[in-house]
J.: 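Let me give you the structure first, and then I'll get to my questions.
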Amino acid sequence: CIGAFARMPYRRGKARAERLLRRVLNADELEARSPAGVRYRLAPDEVVQREILLHGAYEPRTLALMHRLLRPGDTMVDVGGHVGQYALHAARAVGEAGRVIAFEPNPRTYRYLLRNVELNEAGATVTAVLAAVDTCVGVAPMAAGREENWGLASLATQGGPSFYVATVPLGDALRALGVRRVDV
């Protein structure tokens, strides 16, 4: 019901009606499966997750390119892992002999990433890291961004931070995880 409603053309007030419909149906989260069989638990109010729910993928051309580049046994690094779309598709492409490292700084989004890795039983291939990639080890104040786009988390430059996150240099983090080469 919600999926069909969401696919309807935009009309003034549609977003408000959609939120009300979700509240009435108690659908703060929905389960979805991509055409490739990747399973997700998603929050339909967030733009990226809504695209995955409605169309099976967010940025499908980038996802297709990633599939063309990856081979079994490869290692992929996903900086800004969000809810795991790229990491989970990459895990299928690299197989059990491969490795995927997904860095996600937003604790809220990171919880979805972990849940989706677990839902797909991809924990042996996907390593999720709650951290921001930076030039030095430290802690950074972050602003969560808008409620409708969790991917807009950024350094907090004005106002108070929404949360603090560990920062790690990419090379140091990969060495600590035993990664010797990155393919994508």
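Side chains included, hydrogens not; waters and symmetry mates left out as well; all remaining heavy atoms used.
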J.: Quick check for you: to the nearest 0.5 Å, what is the distance between Arg71 atom CZ and Leu69 atom CG?
T.: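 Taking CZ in Arg71 and CG in Leu69, the distance rounds to 7.5 Å.
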J.: I would like to know whether Leu177 and Val129 meet side chain to side chain contact (heavy atoms under 4.5 Å, CB included); could you show each step before the answer?
T.: CA-CA 10 Å; Leu177 292 168; Val129 180; 4.2 Å; yes
J.: According to a hydrophobic-cluster definition based on side-chain heavy atoms being under 4.5 Å apart (Ile, Leu, Val, Met, Phe, Trp, Tyr only), do Leu70 and Leu65 belong together?
T.: yes
J.: Decide side chain to side chain contact (heavy atoms under 4.5 Å, CB included) for Ile52 and Val83; before the verdict, give the C-alpha distance in whole Å, the side-chain angles of both, and the deciding distance to 0.1 Å.
T.: CA-CA 10 Å; Ile52 295 169; Val83 297; 4.2 Å; yes
J.: Flag yes if Val137 and Leu174 sit in one hydrophobic cluster, no otherwise; membership is Ile, Leu, Val, Met, Phe, Trp, Tyr, and two members link when side-chain heavy atoms are under 4.5 Å apart.
T.: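 No; Leu174 is not reachable from Val137 via cluster members.
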J.: Can Val117 and Thr127 be said to form a side chain to side chain contact (heavy atoms under 4.5 Å, CB included), step by step?
T.: CA-CA 9 Å; Val117 167; Thr127 301; over 6 Å; no
J.: Check whether Thr167 reaches the backbone of Cys136 with its side chain - one donor and one acceptor, N or O, closer than 3.5 Å.
T.: yes
J.: State whether the side chain of Arg92 and the backbone N or O of Ala36 hold a donor-acceptor pair below 3.5 Å, judged by distance alone.
T.: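 Present.
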J.: Evaluate side chain to side chain contact (heavy atoms under 4.5 Å, CB included) for Val77 paired with Phe103, printing each intermediate quantity in order.
T.: CA-CA 8 Å; Val77 175; Phe103 293 89; 3.9 Å; yes
J.: Salt-bridged, Glu29 to Arg115, with N to O below 4.0 Å?
T.: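 The answer is yes: the pair qualifies as a salt bridge.
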J.: Looking only at non-hydrogen atoms, find the nearest pair between Ala102 and Leu113 and report the distance.
T.: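 That would be CB-CD2, 4.1 Å.
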J.: Do side-chain atoms of Glu104 reach the backbone of His82 as a donor and acceptor pair under 3.5 angstrom?
T.: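 Looks like yes, one N/O pair under 3.5 Å.
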J.: Would a 4.5 Å heavy-atom cut-off, applied to side chains only, mark Asn106 and Met142 as touching?
T.: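 No - every pair of side-chain heavy atoms lies 4.5 Å or more apart.
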J.: Measure the CG-CZ distance between Leu63 and Arg68 for me, rounded to the nearest 0.5 Å.
T.: 10.5 Å
J.: With under 30° as parallel and over 60° as perpendicular, where do the rings of His89 and Tyr40 fit, or are they tilted in between?
T.: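 Judged by the thresholds at 30° and 60°, the geometry between His89 and Tyr40 is tilted.
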J.: Just verifying a value: how many Å separate Leu114 CG and Thr109 OG1, rounded to the nearest 0.5 Å?
T.: 11.0 Å
J.: For a quick test of reading the model, state the closest non-hydrogen atom pair linking Ala173 to Val168 and the distance between them.
T.: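 Closest pair (atom of Ala173, atom of Val168, distance): CB-CG2, 4.0 Å.
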J.: Which pair of non-hydrogen atoms, one from Ala131 and one from Val165, has the smallest distance, and what is that distance?
T.: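 For Ala131 versus Val165, the nearest heavy atoms are CA-CG2, 3.8 Å.
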J.: For Leu30 versus Pro44, what's the shortest heavy-atom pair and its separation?
T.: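 That closest heavy-atom pairing would be CD1-CG, 3.9 Å.
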J.: Testing the basics here: between Ser162 and Ala144, what is the closest heavy-atom pair and its distance to 0.1 Å?
T.: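 In this case the closest contact between Ser162 and Ala144 is OG-N, 3.0 Å.
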J.: For the pair Asp183 (side chain) and Thr75 (backbone), establish whether a donor and an acceptor sit closer than 3.5 Å, ignoring hydrogens and angles.
T.: yes
J.: Tell me whether Ile101 shares a hydrophobic cluster with Tyr112, the cluster being built from Ile, Leu, Val, Met, Phe, Trp, Tyr side chains joined at under 4.5 Å.
T.: no
J.: Assess the residue pair Tyr86 and Glu59 against the criterion (side chain to side chain donor-acceptor pair (under 3.5 Å)); give the C-alpha distance rounded to whole Å, side-chain angles, the decisive distance to 0.1 Å, and a yes or no.
T.: CA-CA 10 Å; Tyr86 293 111; Glu59 297 180 338; 2.7 Å; yes
J.: Taking atom CD of Glu121 and atom CZ of Arg39, what is their separation to the nearest 0.5 Å?
T.: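 So the CD of Glu121 and the CZ of Arg39 are separated by 8.0 Å.
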J.: Asp74 side chain to Gly98 main-chain N or O, any donor-acceptor pair under 3.5 Å?
T.: no
J.: Answer whether the closest heavy-atom distance between the side chains of Glu51 and Gln85 falls below 4.5 Å.
T.: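 No, every pair of side-chain atoms sits at 4.5 Å or beyond.
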J.: Is there a path of hydrophobic side-chain contacts, each under 4.5 Å between heavy atoms of I, L, V, M, F, W or Y residues, that connects Tyr110 with Val133?
T.: no
J.: How close do Asp78 and Ala87 get, counting heavy atoms only, and between which atoms?
T.: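 Of all heavy-atom pairs spanning Asp78 and Ala87, the closest is OD2-N, 3.6 Å.
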J.: Treating Ile, Leu, Val, Met, Phe, Trp and Tyr as nodes and any side-chain heavy-atom pair under 4.5 angstrom as an edge, say whether Leu155 and Val139 lie in one connected cluster.
T.: no
J.: Within the side chain of Arg33, is there an N or O that forms a donor-acceptor pair under 3.5 Å with the backbone of Val38?
T.: no
J.: With the side chain counted from C-beta on, respond yes when Arg108 and Phe163 share a heavy-atom pair under 4.5 Å apart, and no when they do not.
T.: no
